Protein chains: 2
Amino acid sequence: MTAASPEPASSPSQPLGRSERKRRDMLAAAERMFLAGGYLGTNMDELAAASGVSKQTVYKHFGSKEALFVELVTTMTDATSEAVHRSVPSVEQVDDVGAYLEEYADRQLDAVMTPRILQLRRLVIGEVARFPELAEALHERGPVRAIESLSTVLTRLDQRGLLTVDDARLAATQFNWLVMGEPLNRAMLLGDRAIPSAAERREHVRRSVGAFLPAYAVR
Amino acid sequence: MTAASPEPASSPSQPLGRSERKRRDMLAAAERMFLAGGYLGTNMDELAAASGVSKQTVYKHFGSKEALFVELVTTMTDATSEAVHRSVPSVEQVDDVGAYLEEYADRQLDAVMTPRILQLRRLVIGEVARFPELAEALHERGPVRAIESLSTVLTRLDQRGLLTVDDARLAATQFNWLVMGEPLNRAMLLGDRAIPSAAERREHVRRSVGAFLPAYAVR
DNA sequence: ATTCAACGGAACTAGACAGTCCAGTTTGAT
DNA sequence: ATCAAACTGGACTGTCTAGTTCCGTTGAAT
């Protein structure tokens, strides 16, 4: 490493080196273009031009179109997973289980139902045959992680006597698809115009929790 | 029309004209190749060769790559929708609601969770930006139709006093995603290896109905 | 001020691909 | 047998694209 004081830090990172700045620009253009045109539909000449960078520089940084695509999708998947995970509200001072689950579901929906993330999902699904490892990563960092996280929440609610949950993973999976199934499917197939408004989200979440609770209420 | 006795009928259709035979071969090759390679990843020279047909013939029949793609996907969507719709068991002599719903769900899963239909879904989702009308059609003929169909079933079960269903469409939507959500998402992202076996399907369906019934049981 | 890695710009390779064209052949109905 | 429609095979056009190469320029650290 070049052993300098102004290390390319993570968060604020205002003073970026030329190389890092261009790298960021290339990834930004790659995101826009791959999400809009798909893998085959994206052109490296245009991508370089849109990045304000020469083609040479793109290949110096990423090696190939495939490698750039993989890095972009992996980065987006990881970042989104982190953001979703951070938005889990604490379960310890809960008294109204219904209200808590509604807020929980609303945050999950809010994080996932954005044009950017929905298009990432479409892109990855469409490229399952060409890039199976990206789809696997999205599955792991998306639904699997969300269900695991909810699973520990439900276990805690069971321990506190607020729910009766024998199989927490099963209950979490059911809750997840009760909440996400319809909005996600609609958005996948109908495009961004099917993204529910905040009001629609709240109503949907209310009904979903209403269907979930009878199966797991305390006897 | 050519006013002949051996009209190109629908079902048995053994004696096919040369033209119709070649058309069938082209659509068969198109299905294989578009499902495997996607829209941009499929090549019309190879498609003609794989169909045992000259390129000229392909363009004579379908006009363009886009038109061939649209016709193929539309045909597959419609045919699958019909097949799923035909597999709805009658509701009239039902006494055990749980067993009936389990069978209903199992048939829906059986119809949708095939490599061919799953790959069609991946393809259409990946091409939403280029062919939004195909995605809309798949949504309409797939989930919307399934939920409508189930909705009338649930209404009938409510009328017969076997369930308490105020909002049949809501209940049908919830049932649908309780059943389809997890298997469909896994299959989309993990590929055909995630298709559940008949035994896994039955177990999953049993649990799904178990979660659904408490919310809509008769009081 | 110097130095060197990174960058720009642009041409270039090597191949791919949608769609057209044309001369000659096959098919199937009359 | 006749004949029109459908089909073949292959060449061809125009265009596009991933990746490379070359050479002159820039910028950041010493």
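None of the values given here were measured: they were computed from a predicted structure. Protein chains get the first letters and strands the later ones, always in sequence-line order, with residue 1 at the start of each.
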Using whole Å, what does the distance between atom C1' of nucleotide dA23(C) and atom CD of Gln56(B) come to? 12 Å

Please state how far atom NZ in Lys22(A) lies from atom C1' in dG27(D), giving the value in whole angstrom units. 11 Å

Closest listed nucleotide, where the reference is the side chain of Lys60(A) and the choices are dG28(C), dA6(C), dG19(C): dA6(C)

Rounding to an integer number of Å, can you tell me how far Asn43(A) CG sits from dG19(D) C1'? 12 Å

Measure centre to centre between the rings of Phe62(A) and Phe69(A), then say whether the value is under 6.0 Å. no

Please report the distance, rounded to the nearest Å, between CZ in Arg130(A) and P in dA18(D). 12 Å

Scan Gly41(A) against the nucleic acid and name what it touches under 4.0 Å (heavy atoms): base, sugar-phosphate only, or nothing. nothing

What's the closest nucleotide to the Val53(B) side chain, out of dA6(D), dG19(C), dT8(D)? dT8(D)

Under 4.0 Å from OP1 or OP2 of dA5(D): is there any side-chain N or O of Ser19(B) that close? no

Distance in angstrom units between Glu46(B) CD and dA18(C) C1', rounded: 13 Å

Could you tell me whether the phosphate oxygens of dC7(D), OP1 or OP2, come under 4.0 Å of any side-chain nitrogen or oxygen in His61(B)? yes

Checking side-chain polar atoms at under 3.5 Å, does His139(B) have a donor or acceptor matched by the opposite partner on Arg186(A)? no

Verify, without hydrogens or angle tests, whether Ser151(A) (side chain) and Ala172(A) (backbone) share a donor-acceptor contact under 3.5 angstrom. no

Just how far, in rounded Å, is P of dT27(C) from CD of Glu20(B)? 15 Å

Starting at atom CZ of Phe62(A), determine the distance to atom P of dA18(D), rounded to an integer number of angstrom. 15 Å

For Gly63(A), answer base if it contacts any base atom (sugar-phosphate contacts may also be present), sugar-phosphate if it contacts only those atoms, and nothing otherwise; contact means non-hydrogen atoms under 4.0 Å. nothing

Look only at the side chain of Gln119(A) and the backbone of Leu35(A), and say whether a donor-acceptor pair between them is shorter than 3.5 Å. yes

side-chain contact (heavy atoms from CB on, under 4.5 Å) between Arg121(B) and Leu184(B), worked out: CA-CA 10 Å; Arg121(B) 206 183 132 88; Leu184(B) 193 55; 3.7 Å; yes

Looking at Thr57(B), does any N or O in its side chain come under 4.0 Å of the phosphate oxygens OP1/OP2 on dT8(D)? yes

For the base of dG19(D), is there a side-chain donor-acceptor partner from Lys55(A) under 3.5 Å away? yes

Please work out if Ser51(A) contacts a base, only the sugar-phosphate, or nothing of the nucleic acid, heavy-atom cut-off 4.0 Å. nothing

Which listed nucleotide (dA6(C), dG8(C), dG19(C)) is nearest to the side chain of Ser54(A)? dG8(C)

Using whole Å, report how far CZ of Arg18(B) lies from P of dA4(D). 16 Å

